Undergrad: 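Here it is, the structure in full.
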Amino acid sequence: MEEGRRRVDAVTAREDTRRRDVVTPGQGGRRRDAVTAAGWSALGVAAAIGGWALAAAAFAIPEIILPSPAAVVTAFLRLPGYLLEQAAITLAETALGFALSVVCGLAIGLVIAAWRVAELMFAPLLVAFNAVPKVALAPLLVVWMGFGQQPKVVMALLVCFFPVVLSVASGLTSTPPELVELARSLDTPRGQTFVRIRLPAALPQIFVGLKVAMPLASVGAVIGEFSAGDAGLGFVIVQAGGSADTALAFAAIALLGVMSMALFYALVLAERLLLPWVRETSAAR
């Protein structure tokens, strides 16, 4: 048994060495790549805003239907403190709902991956529940939990936890078969096999699910604010739409987009820091 553990440790050590030894660009090259990527992203945003402004001006669209970018900026500058305060509320609901979805998704995905009977019993129920429009559940969450933060957090959890479950279960069941066979042949304990082989191999797939779930968390929080909100960006959008202040509604939508983009790229940065070998061993684009 002890000899088997040493051999598995040697194999995983060689795998870790191979990952570290992948040829990576120098610090200057990485910095240039980051600047280039940021430049292209900024160019894309500028092109979208320019097209928006040209369309609003060329077709003489009324401000109440499609405000110009300048009108949206003016609306934001009219109430910057209020909008940022509401954005902070939505951000807290989104982050908490996403964190709960990660905990629940990891637990359920682990059970499904480890126990075939659990997959057969509960996978159809998860698929059916994911197919239910979450907007239909929003009034029920208000009845069960009342007005406040809880129904928004739960809505964010319900919207985004399925991709986490799916990615965890898929990642843990797609371990390279040669490593699994090696662990079995050496009678390696299941706990050590999971920590040293299955989990590292599943992490790239898990992060794919997390990156899919992150924007969905903000969608769930806003859905909750539409139905049971007295604060947050969703509440601002509903109130501004009801008072025909379309520019203010667009300002809240723009803030929501910026917030979601920042959360997504924070997760991308975390993936690059925790899994540096994934980007270097994937096909160059």
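Computed from a prediction, not measured in an experiment: that's the story for all the values here.
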Undergrad: Are any non-hydrogen side-chain atoms of P67 and T246 less than 4.5 angstrom apart?
TA: yes

Undergrad: Any side-chain heavy atom of L137 sitting closer than 4.5 Å to one from W144?
TA: no

Undergrad: Following the transitive rule for hydrophobic clusters with a side-chain heavy-atom cut-off under 4.5 Å over Ile, Leu, Val, Met, Phe, Trp and Tyr, establish whether L255 and M259 coincide in one cluster.
TA: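 Yes; M259 is reachable from L255 via cluster members.
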
Undergrad: Ignoring hydrogens and angles, tell me if any N or O in the side chain of S227 forms a donor-acceptor pair with the backbone of G224 under 3.5 Å.
TA: no

Undergrad: Between atom CZ of R78 and atom CG of L248, what is the distance when rounded to the nearest 0.5 Å?
TA: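 That separation rounds to 5.5 Å.
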
Undergrad: Could you check whether any side-chain N or O of T90 sits under 3.5 Å from a backbone N or O of A87, counting only pairs where one atom can act as donor and the other as acceptor?
TA: no

Undergrad: Find out whether M214 and S260 are in side-chain contact, i.e. whether some heavy atom of one side chain is under 4.5 Å from a heavy atom of the other.
TA: no

Undergrad: Members other than V103 in its cluster, when Ile, Leu, Val, Met, Phe, Trp, Tyr link by side-chain heavy atoms under 4.5 Å?
TA: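 Other cluster members: none.
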
Undergrad: By the salt bridge (Lys or Arg N to Asp or Glu O under 4.0 Å) test, which pairs, at least two apart or in different chains, include something from residues 104-121?
TA: R116-E119

Undergrad: Which heavy atom of A252 sits nearest a heavy atom of V236, and at what distance?
TA: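 Heavy-atom minimum between the residues: CB-CG1, 3.9 Å.
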
Undergrad: How many angstroms lie between CG in L269 and CG in L274, if you round to the nearest 0.5 Å?
TA: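 Spacing of CG (L269) from CG (L274) equals 9.0 Å.
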
Undergrad: Starting at CG of L158, measure out to CG of N130 and round the result to the nearest 0.5 Å.
TA: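 Answer for the CG-CG pair, L158 versus N130, is 10.0 Å.
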
Undergrad: Measuring from M155:CE to Q150:CD, what's the distance to the nearest 0.5 Å?
TA: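 The CD atom of Q150 is 14.0 Å from CE of M155, to the nearest 0.5 Å.
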
Undergrad: Is the OH atom of Y82 crowded by more than 12 outside heavy atoms at less than 6.0 Å?
TA: yes

Undergrad: Less than 4.5 Å apart, side chain to side chain, heavy atoms only: is that true for F264 and L267?
TA: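 Contact flag for F264/L267 side chains = no.
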
Undergrad: Hydrophobic cluster membership, with links at side-chain heavy-atom distances under 4.5 Å among I/L/V/M/F/W/Y: are L216 and V165 in one?
TA: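 Yes; V165 is reachable from L216 via cluster members.
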
Undergrad: Tell me yes or no: between the side chains of Q205 and S174, is some donor less than 3.5 Å from an acceptor?
TA: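 Looking only at side-chain atoms, S174 and Q205 do not form any donor-acceptor pair under 3.5 Å.
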
Undergrad: How many angstroms lie between atom CD of Q149 and atom CD1 of I89, to the nearest 0.5 angstrom?
TA: 9.0 Å

Undergrad: Under the 3.5 angstrom rule, does the side chain of S101 hit a backbone N or O of F161 as a donor-acceptor pair?
TA: no

Undergrad: Using the rule given for side-chain contact (heavy atoms from CB on, under 4.5 Å), can you reason through L79 versus Q86, listing the C-alpha separation, both sets of side-chain angles and the distance that settles it, and then say yes or no?
TA: CA-CA 11 Å; L79 296 168; Q86 303 308 309; over 6 Å; no

Undergrad: Return the minimal non-hydrogen interatomic distance between A71 and A247, and the atom names on each side.
TA: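 Closest heavy-atom pair between A71 and A247: O-CB, 3.8 Å.
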
Undergrad: So which heavy atom on E225 is nearest to which on L233, and how close?
TA: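 Closest approach of E225 to L233, heavy atoms only: OE1-N, 3.4 Å.
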
Undergrad: For a 4.5 angstrom cut-off between non-hydrogen side-chain atoms, does I112 reach L126?
TA: yes

Undergrad: How does the hydrophobic cluster around I49 look, that is, which other residues are in it when side-chain heavy atoms under 4.5 Å mark a link?
TA: V45

Undergrad: Taking all non-hydrogen atoms of both residues, which atom of V111 and which atom of A118 are closest, and how far apart?
TA: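 The answer is CG1-CB, 3.8 Å.
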
Undergrad: Which heavy atom in A244 sits nearest to a heavy atom in I64, and how many Å separate them?
TA: CB-CD1, 3.8 Å

Undergrad: Taking C-beta and beyond as the side chain, do L210 and F98 meet within less than 4.5 Å on heavy atoms?
TA: yes

Undergrad: Do the side chains of V143 and V154 join up, straight or via other hydrophobic residues, at under 4.5 Å, putting them in one cluster?
TA: yes

Undergrad: With side-chain contact (heavy atoms from CB on, under 4.5 Å) as the criterion, how do F226 and K152 come out once you've worked through the C-alpha distance, each side chain's angles and the decisive distance to 0.1 Å?
TA: CA-CA 9 Å; F226 282 166; K152 291 91 161 181; over 6 Å; no

Undergrad: If I compare all heavy atoms of L157 with all of C104, which pair ends up nearest, and what's the gap?
TA: CD1-SG, 4.4 Å

Undergrad: A side-chain contact here means heavy atoms from C-beta on lying under 4.5 Å apart; do V72 and W52 qualify?
TA: yes

Undergrad: Indicate if I237 and V135 have the same hydrophobic cluster label, given that clusters are the connected sets of ILVMFWY residues with side-chain heavy-atom separations under 4.5 angstrom.
TA: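 Not linked; separate clusters.
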
Undergrad: With a 4.5 Å cut-off on side-chain heavy-atom distances among I, L, V, M, F, W and Y, is there a chain of contacts connecting F207 to L172?
TA: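 Per the 4.5 Å side-chain linkage, F207 and L172 are co-clustered.
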
Undergrad: Is there side-chain contact between I108 and V164, with at least one heavy-atom pair below 4.5 Å?
TA: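 No, every pair of side-chain atoms sits at 4.5 Å or beyond.
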
Undergrad: Within this structure, what is the CZ-CG distance for the pair F147 and D230, rounded to the nearest 0.5 Å?
TA: 8.0 Å

Undergrad: Going by the side-chain contact (heavy atoms from CB on, under 4.5 Å) test, name the single residue among V258, V268, L91 that passes it with L263.
TA: L91

